[in-house]
Amino acid sequence: MLTNMNNENVYRKIQEFFGSLQENFSVLEEPVDVDVQIKYFEASGKVRGTINAGDVLEKKEQLFDTSVAVEDKRNILVEMAGVPDTEVYRILEAYAKNPDEELVSWSKMALQENRLLLESHLLERRQVFVSTGLGGKGHKLRYFVVLINNEQKELEPFQQKIVREEMEYSLHKYDSELEKLDFKEEFTTLRVVIPINSDLTKLFREGIDECNQFGNFLSSDFIVTNMKELSDKEIKEAISDNSTPDVVDDDFPPVD
């Protein structure tokens with residue numbers, strides 16, 4: 001929940017960092033589990049700068065060979081991702097369209113990293129890779145948001161209409177998009193995409209305040225995360241404990 005001052009201060013520092021990047025960053029658009037991302041970047045860091053295009057191109061057939069072990073293909077993808085070469089990129093792109101089931105997320109990471117590296121090489125300008133569990137669109141990040149009802153019951157139809165209209169208005173005001181909205185018994189969940197340097201606290205507080213002009217039926221507290229979509233059980237535990245578990249911290253994985 002963005003009610004803790006320390007959390008808000010950390011968030012502002014993150015936004016200041018993103019603001020300083022201007023246009024020199026690329027967002028991982030598709031959702032990838034954060035644990036997978038961490039393992040990928042750990043593997044990537046071990047081989048970075050030690051591989052050349054000739055070496056990885058010799059292994060391209062192995063990537064599409066069904067008899068090659070998944071772990072070997074995992075290593076090949078990481079090696080290819082670190083080589084800024086257009087032929088290597090095309091190979092990664094082709095594999096990502098029909099990857100081994102176990103390597104769907106891994107292939108997404110490799111393709112995105114290689115694209116960024118290739119752009120940096122061609123433009124002679126370093127790009128920053130921004131990745132979160134829920135991904136994003138362009139220069140926007142995807143978030144999962146929970147609005148909490150003041151009473152422990154589902155909102156009335158007229159209240160649901162107010163929430164939908166006011167949240168869509170607030171999001172549009174900040175050049176943001178509502179992808180999904182679900183009304184549950186004690187809360188409302190939203191999946192949204194928001195510009196990377198936006199003030200989330202201000203955006204959602206404004207939306208909540210507008211809704212509450214029609215009956216004060218929403219709590220001023222809310223939950224927001226870019227790590228994953230929370231289950232109803234996780235949300236209820238957070239609400240009942242009046243605290244936010246690690247999974248819903250407003251947190252960003254390291255950028256490279």
Side-chain angles (χ1 to χ4, degrees), residues 1-4 6-38 40-41 44 104-106 108-113 115-117 119-120 126-147 167-182 188-208 221-231 234-235 238 244-256:
M1 295 181 188
L2 294 178
T3 56
N4 182 285
N6 290 330
N7 285 347
E8 293 195 18
N9 288 338
V10 169
Y11 179 74
R12 290 192 182 97
K13 291 182 184 297
I14 292 172
Q15 299 308 83
E16 290 174 3
F17 168 73
F18 283 139
S20 68
L21 295 179
Q22 297 178 357
E23 300 298 313
N24 299 331
F25 64 87
S26 177
V27 173
L28 177 65
E29 298 205 348
E30 297 189 62
V32 174
D33 184 89
V34 173
D35 289 337
V36 173
Q37 293 187 38
I38 292 172
Y40 177 86
F41 284 123
S44 176
V104 172
S105 294
W106 202 267
K108 292 177 184 177
M109 294 293 296
L111 180 62
Q112 181 80 357
E113 185 182 19
R115 178 189 295 126
L116 184 65
L117 191 63
E119 288 177 357
S120 298
R126 184 175 181 272
Q127 302 281 307
V128 175
F129 187 11
V130 179
S131 62
T132 71
L134 290 177
K137 289 183 179 180
H139 286 173
K140 299 178 182 180
L141 296 181
R142 182 173 288 106
Y143 296 92
F144 181 78
V145 183
V146 181
L147 306 179
M167 285 301 158
E168 286 182 337
Y169 176 79
S170 292
L171 288 163
H172 180 73
K173 179 179 175 181
Y174 287 88
D175 190 27
S176 303
E177 175 186 346
L178 175 64
E179 291 187 332
K180 183 180 179 181
L181 184 149
D182 289 313
T188 300
T189 63
L190 303 87
R191 190 178 69 216
V192 299
V193 285
I194 300 175
I196 203 166
N197 59 350
S198 295
D199 187 332
L200 297 184
T201 305
K202 184 177 180 181
L203 190 163
F204 289 106
R205 287 269 166 76
E206 285 183 3
I208 290 171
D221 292 342
F222 61 94
I223 299 171
V224 59
T225 178
N226 53 27
M227 304 293 277
K228 71 170 190 174
E229 293 195 22
L230 305 176
S231 67
E234 288 171 324
I235 295 170
T244 306
D246 290 342
V247 72
V248 295
D249 279 348
D250 195 33
D251 192 16
F252 293 82
V255 292
D256 185 14

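Just so you know, these numbers use all the heavy atoms, side chains as well, and skip hydrogens, waters and symmetry mates.
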Lys140 bridged to Asp175 by N-O distance under 4.0 Å: yes

What are the two closest heavy atoms between Leu134 and Thr225, and how far apart are they? CD1-O, 3.7 Å

As a quick check of understanding, evaluate side chain to side chain contact (heavy atoms under 4.5 Å, CB included) for Ile223 and Val145, giving each step before the final call. CA-CA 6 Å; Ile223 299 171; Val145 183; over 6 Å; no

Do [X] and [Y] have side-chain heavy atoms sitting under 4.5 Å apart?
{"X": "Glu113", "Y": "Ser44", "answer": "yes"}
{"X": "Phe204", "Y": "Val192", "answer": "yes"}
{"X": "Leu190", "Y": "Leu147", "answer": "yes"}
{"X": "Ser176", "Y": "Val193", "answer": "no"}
{"X": "Thr189", "Y": "Leu181", "answer": "no"}

Residue list, side-chain contact (heavy atoms from CB on, under 4.5 Å) with Leu117, at least two apart or on another chain: Pro84

What residues, two or more places apart in sequence or in another chain, satisfy side-chain contact (heavy atoms from CB on, under 4.5 Å) together with Val36? Val32, Asp33, Ser105, Trp106

List in chain and number order the residues that pass salt bridge (Lys or Arg N to Asp or Glu O under 4.0 Å) with [X], two or more places apart in sequence or in another chain; answer none if no residue qualifies.
{"X": "Glu177", "value": "Lys137"}
{"X": "Glu206", "value": "Lys173"}
{"X": "Asp35", "value": "none"}

Intermediate values then yes/no, side chain to side chain contact (heavy atoms under 4.5 Å, CB included), Glu229 and Arg142: CA-CA 10 Å; Glu229 293 195 22; Arg142 182 173 288 106; 5.8 Å; no

Please answer whether the main-chain N or O of Pro195 pairs with a side-chain N or O of Ser198 as donor and acceptor at a distance below 3.5 Å. yes

Working note: Lys228 + Glu234, criterion salt bridge (charged side-chain N to carboxylate O under 4.0 Å, His left out); need CA distance, chi angles, decisive distance, verdict. CA-CA 11 Å; Lys228 71 170 190 174; Glu234 288 171 324; 2.9 Å; yes

Determine, step by step, whether Leu200 and Ile194 satisfy the side chain to side chain contact (heavy atoms under 4.5 Å, CB included) criterion, reporting the C-alpha distance in whole Å, the side-chain angles of both residues, the deciding distance to 0.1 Å, and the verdict. CA-CA 8 Å; Leu200 297 184; Ile194 300 175; 3.5 Å; yes

At what distance, to the nearest 0.5 angstrom, does [atom1] of [X] lie from [atom2] of [Y]?
{"X": "Ile196", "Y": "Leu141", "atom1": "CD1", "atom2": "CG", "result": "4.0 Å"}
{"X": "Ile208", "Y": "Phe222", "atom1": "CD1", "atom2": "CZ", "result": "6.0 Å"}
{"X": "Leu230", "Y": "Phe144", "atom1": "CG", "atom2": "CZ", "result": "5.0 Å"}

